[in-house]
Amino acid sequence: MNRNDLYDIAESWFQKQDWKPLKFQKDTWKAFLQGKHGLLNAPTGSGKTYALWFPIVLNYIKKNPQYKTKHKKGLKAIWITPLRALSEEIRQSAERVTLDLETQMTVAIRTGDTTTKARAAMKKQMPDLLITTPESLQLLLASKDYPKVFKDCTAIVVDEWHELLGTKRGVQMELALSRLKTISKDIRIWGISATIGNLEQAREVLVGTDTRALQNSTLIKANLKKKITVKSIIPKKMETFPWRGHLGLRLLEDVIPIIEKSKTTLLFTNTRSQCEIWFQNILEKHPEYAGEIAMHHGSINKETRNWVEQAIRNENLKAVVCTSSLDLGVDFAPVETVIQIGGPKGVSRFLQRAGRSGHRPGKESVIYFLPTHAIELIEASALQQAVKLNTVEDRIPYLNSYDVLLQYLTTLAISDGFYPDEIYTEVRQTFCYQTLSKDQWQWLLNFLVMGSQSLQTYDEYKKVEIEDDGKFKVNDRGIAMRHRMQIGTIVGDVNLAVRYQKGGYLGSIEEYFISKLNRGDVFTFAGRNLEFIRIKDMQVHVRNSKEKTKKISSWMGSRMTLSAQMSHLLRQELYSSFNDPKDQSPEIRSLAHIFERQRRESIVPKPNQFLIETFKTREGYHHIFYPFEGRFVHEAMGSLLGYRISLLSPITFSLAFNDYGFELLSDKEIDIQQVLDNDLFTSSFLLDDLQKSLNATEMARRKFRDISIISGMVFTGYPNKAIKMKHLQSSSQLLFEVFRDYEPENLLYQQAFTETFQHQLEEGRLRLSMERIARQEIVWKPCKKATPFSFPLITDRMSREKLSSEKWEDRIKRMTAILMKK
DNA sequence: GACCTGCTGCGGGATG
């Protein structure tokens, strides 16, 4: 049977369905049957599954011309999905193809939901096609004789690759693929990705860096333009629309007619408590919707979530208020409209959500943007542009994640064991570890066998033994079992839901804070004084209290930052306020009075200008800087600048920042002219100054918690009997301190800092924006009082200070870090 | 002068 025959089979199948195969589908079949690796860029709902299931099945037929016969054992193809919830849908389309073509291929799912019995059965007889998650794939590599399972595998497809790329789950995938490339001689690696900025790089990460594989790979783009309409909800009474806030409830009544008009509407909120508040408020104001609207987010139990998802499919719901829990996942045909409440922070996330409506080929997606405060209307305008210009973000892949590598090596050691030289070669061909040196490799091997230098006296860190022939192997069954339970790179949130006893949801809070409370203690949360009653089923029960309190809740979790693309577009829209009103977007036009007031009291910066405002209040001297670069960059830039200023003359600051700018507040006035004369925005000595200026150690400590769990140094406990998070945190803290004091060259310790600088503080972006500022004309405006631009920043700080539980000593410590000591 | 905060995702198996 030659390739043309196979094409005929595919084409005639499509004809039977009354479809026509699209160009990208045909291209994919061709490349696949030629034995190439590849990355397919296609939107959801475009028939991308058929683009790949077909060649997989056809290839199977080619190898077994009498295709009624069944293969014995061993996988023929693997389909990776990042979401368990998607697997059933995928199984159905796979089965449809295999049944229609009358092959004997078997299809099965293997995820955490698969029963022990089914897993055992699978061991004896693997299906031909397996649908699974990255974690479950690792688990297969953790079982005895795994090469037998993969030996005859001819294809692996990683669906939604853009979701994995840029995460440690993606790194885990890279490692599994590096192994499969050796075991399965005839394997093709395929990825499916939504549109992202760095598609070429996405292919390289997937396929690996060895030139042979890379040259034998292709990037296929399904050039299907999805029509997306963005409509901003502009407040009718702009004059009374708040300058800050995040809930957006003021525009609730504007949402009702939109819900009325469509079959089903999804309302995306940014946080779980915002989701609950909107849900309750809609019901309060419009009781007629009872039973017709629902809620969906991460703290809601699985059964309810499943019920909601099913109800959407059955068209039983008018509207669902949700968080990113519905970003991806099952296909909801009845959703006609999406409403985004508050800034989505990134273009891709916005488009992803828009795409949840009109989820059919050729259909239009409609998304409304509901601003929660005035300046957010600039974001609305920026999003309009983003859709017009087709802008999307990059997904930045991780480099040198030693924790994931250690986990992987332990995985190999508990199944069949591994020989370091062979695995080193494979690992070096992944994108993540392409620069891994022999020395670093040797360090990691030592770590597996002896624990690290400072842990050598503790046996629990000696997991792997070296056998006589040089094979690295785990022989202890307890170690193996615990490792299998902990495979994966997702470290769970330690947040508990806070509720009234009757069930009203208030938000989520970190366990470590609650663990310090006793029954009857009063604390402030979500703007209320609450009395702690008990913790039950991962929920904190509380009641209202009139007592005053000293214990204040705080959130260590980082908020989302504006993406680089969004920041850029936002600045462009800001500059467009200088255009003639008829050339402005309606959103910018609606802000005319705010721009006017801003100009009256200060200026709106032009493209070549960088604005600094200063003024004095009872609180002290405010110095406000506007890079418009997102909160992470502002956090870093703020403490950097504060540090550099303090070198000129001793002074202390408190730092506040949001997505638009940052504030240095002090009881002394900064001589801004001196700042300018001394070139304090220079990007030279950036990393050095940054390290000295902020509490990088504290930030790294938090990163290290995840690293210690992923690398297997800290065990998170048996299912249902989770080790108290408190203990977990203290053991990872302890390790962190040991390494800091005795073994700073420890690779995992160093990784915590690298991650802090690269991922948390976005060092690369910081450098670029400092360089941009260095080229701009700096405009310093002494003002009389807070301007429309500075107002959100100042009030945000005030409410946060009220809510900070940061210990007094910590605060002093942090302040003295900035304070110049003489 | 306006002010209720912080997303999502995964997950035992060998032996008697």
Side-chain angles (χ1 to χ4, degrees), chain A residues 81-86 110-114 116 119-120 122-123 132-140 142-145 160 163-164 167-170 172 239-247 249-250 268-277 281 296-299 322-329 342 344-346 349 352-353 372-374 414-415 477-478 480-493 495 506-510 524-528 553-561 597 631 710 716-719 785-786 788 791-792 794-800 802-803:
Chain A
T81 156
L83 249 72
R84 277 191 308 225
L86 291 171
R110 195 241 185 264
T111 68
D113 294 338
T114 310
T116 327
R119 278 202 292 261
M122 231 178 256
K123 274 253 120 146
T132 187
T133 59
E135 287 79 7
S136 280
L137 179 66
Q138 290 281 326
L139 281 162
L140 289 177
S143 54
K144 269 215 166 58
D145 289 333
E160 316 273 7
E163 277 297 314
L164 298 172
T167 72
K168 289 187 182 177
R169 294 182 85 194
Q172 197 171 33
E239 302 73 35
T240 56
F241 196 63
W243 288 5
R244 71 157 296 216
H246 76 281
L247 283 180
L249 284 172
R250 197 178 285 239
F268 281 99
T269 59
N270 285 335
T271 70
R272 293 192 286 249
S273 59
Q274 189 182 18
C275 180
E276 302 257 354
I277 291 167
N281 273 270
H296 193 285
H297 62 68
S299 303
C322 59
T323 61
S324 7
S325 57
L326 286 184
D327 268 3
L328 274 171
K345 307 286 177 191
R349 185 176 296 109
Q352 175 75 41
R353 291 177 175 177
T372 59
H373 63 260
I414 67 173
S415 51
R477 268 179 44 195
M481 191 181 72
R482 283 195 294 276
H483 179 75
R484 282 196 188 92
M485 267 181 334
Q486 203 158 302
I487 278 181
T489 57
I490 300 169
V491 179
D493 281 350
N495 283 335
L506 290 161
S508 67
I509 196 166
E510 289 178 347
T524 308
F525 180 78
R528 299 159 216 246
S553 54
S554 87
W555 294 264
M556 314 264 285
S558 54
R559 309 184 201 178
M560 277 178 289
T561 187
R597 180 141 173 201
R631 53 185 310 115
I710 295 172
T716 47
Y718 295 93
K785 55 180 176 180
F791 185 81
I794 295 165
T795 47
D796 190 39
R797 169 176 52 70
M798 278 156 65
S799 60
R800 218 159 11 86
K802 215 166 59 189
L803 283 174

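Lettering follows sequence order; numbering is per chain, from 1. In this text, all values refer to a predicted model and were calculated from it rather than measured experimentally.
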For the pair made of [atom1] in [X] and [atom2] in [N], what is the distance, rounded to whole Å?
| X | N | atom1 | atom2 | result |
| --- | --- | --- | --- | --- |
| A/Ile487 | B/dG13 | CD1 | P | 8 Å |
| A/Arg110 | B/dG11 | CZ | P | 8 Å |
| A/Phe268 | B/dT8 | CZ | C1' | 12 Å |
| A/Met485 | B/dA14 | CE | C1' | 15 Å |
| A/Leu249 | B/dT5 | CG | P | 13 Å |
| A/His296 | B/dC7 | NE2 | P | 15 Å |
| A/Gln352 | B/dC7 | CD | P | 18 Å |
| A/Glu135 | B/dG11 | CD | P | 6 Å |

What distance do A/Arg119 atom CZ and A/Met122 atom CE have between them, rounded to the nearest 0.5 Å?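 Spacing of CZ (A/Arg119) from CE (A/Met122) equals 9.0 Å.
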Taking only N and O in the side chain of [X], is any of them less than 4.0 Å away from OP1 or OP2 of [N]?
| X | N | answer |
| --- | --- | --- |
| A/Arg477 | B/dG13 | no |
| A/Arg272 | B/dT5 | no |
| A/Arg84 | B/dC10 | yes |
| A/Thr489 | B/dG9 | no |

At 4.0 Å (heavy atoms only), tell me whether [X] reaches a base, stays on the sugar-phosphate, or touches nothing.
| X | result |
| --- | --- |
| A/Thr167 | nothing |
| A/Glu239 | base |
| A/Leu328 | nothing |
| A/His373 | nothing |
| A/Arg597 | base |
| A/Thr111 | sugar-phosphate |
| A/Arg482 | nothing |

Nearest to the side chain of [X] - [options]?
| X | options | value |
| --- | --- | --- |
| A/Pro242 | B/dC4, B/dC3, B/dA14 | B/dC3 |
| A/Met481 | B/dC7, B/dG12, B/dT5 | B/dG12 |
| A/Arg250 | B/dC4, B/dG9, B/dC3 | B/dC3 |
| A/Met560 | B/dG13, B/dC3, B/dC7 | B/dC7 |
| A/Arg169 | B/dG13, B/dT5, B/dC10 | B/dC10 |
| A/Ser325 | B/dG12, B/dT8, B/dC4 | B/dT8 |
| A/Ser324 | B/dG12, B/dT8, B/dA2 | B/dT8 |

Do A/Thr111 and A/Arg84 pair up side chain to side chain, a donor and an acceptor below 3.5 Å, judged on atom types alone?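 There is no such pair (donor and acceptor under 3.5 Å, judged by atom type) between the side chains of A/Thr111 and A/Arg84.
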Testing A/Thr372, A/Thr269, A/Ile277 one by one against A/Leu247 for a side-chain contact (heavy atoms from CB on, under 4.5 Å), which residue passes?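 Among the candidates, only A/Ile277 passes.
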Pair A/Arg110, A/Ser136 - check side chain to side chain donor-acceptor pair (under 3.5 Å), show working. CA-CA 7 Å; A/Arg110 195 241 185 264; A/Ser136 280; 3.2 Å; yes
Which residue, A/Gly245 or A/Leu140, contacts DNA chain B at a nucleotide closer to its 5' end, judged by nearest heavy atom?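 Nearest-nucleotide comparison on DNA chain B picks A/Gly245.
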Counterpart residues, salt bridge (Lys or Arg N to Asp or Glu O under 4.0 Å), relative to A/Arg169 (two or more places apart):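 Listed in chain order: A/Glu135.
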Could you work out, with salt bridge (Lys or Arg N to Asp or Glu O under 4.0 Å) as the rule, every residue matching A/Glu163, not counting sequence neighbours?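 A/Glu163 satisfies salt bridge (Lys or Arg N to Asp or Glu O under 4.0 Å) with no residue once adjacent residues are dropped.
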Under a 90° cut-off about 0 for the syn range, is B/dG11 syn or anti?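 The base of B/dG11 is oriented anti (glycosidic angle more than 90° from 0).
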Has A/His297 got its ring stacked on B/dC7, by the test of a centre gap below 5.5 Å and a plane angle below 30°?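 Aromatic stack with B/dC7 absent for A/His297.
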Does A/Thr795 get its side chain close enough to the base of B/dC3, under 3.5 Å, for a donor-acceptor pair?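 Looking at the base of B/dC3, it does not pair with any donor or acceptor on the side chain of A/Thr795 (distance under 3.5 Å).
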With a 4.5 Å cut-off on side-chain heavy atoms, are A/Pro792 and A/His373 touching?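 They are not in contact (no side-chain heavy atoms under 4.5 Å apart), so the answer is no.
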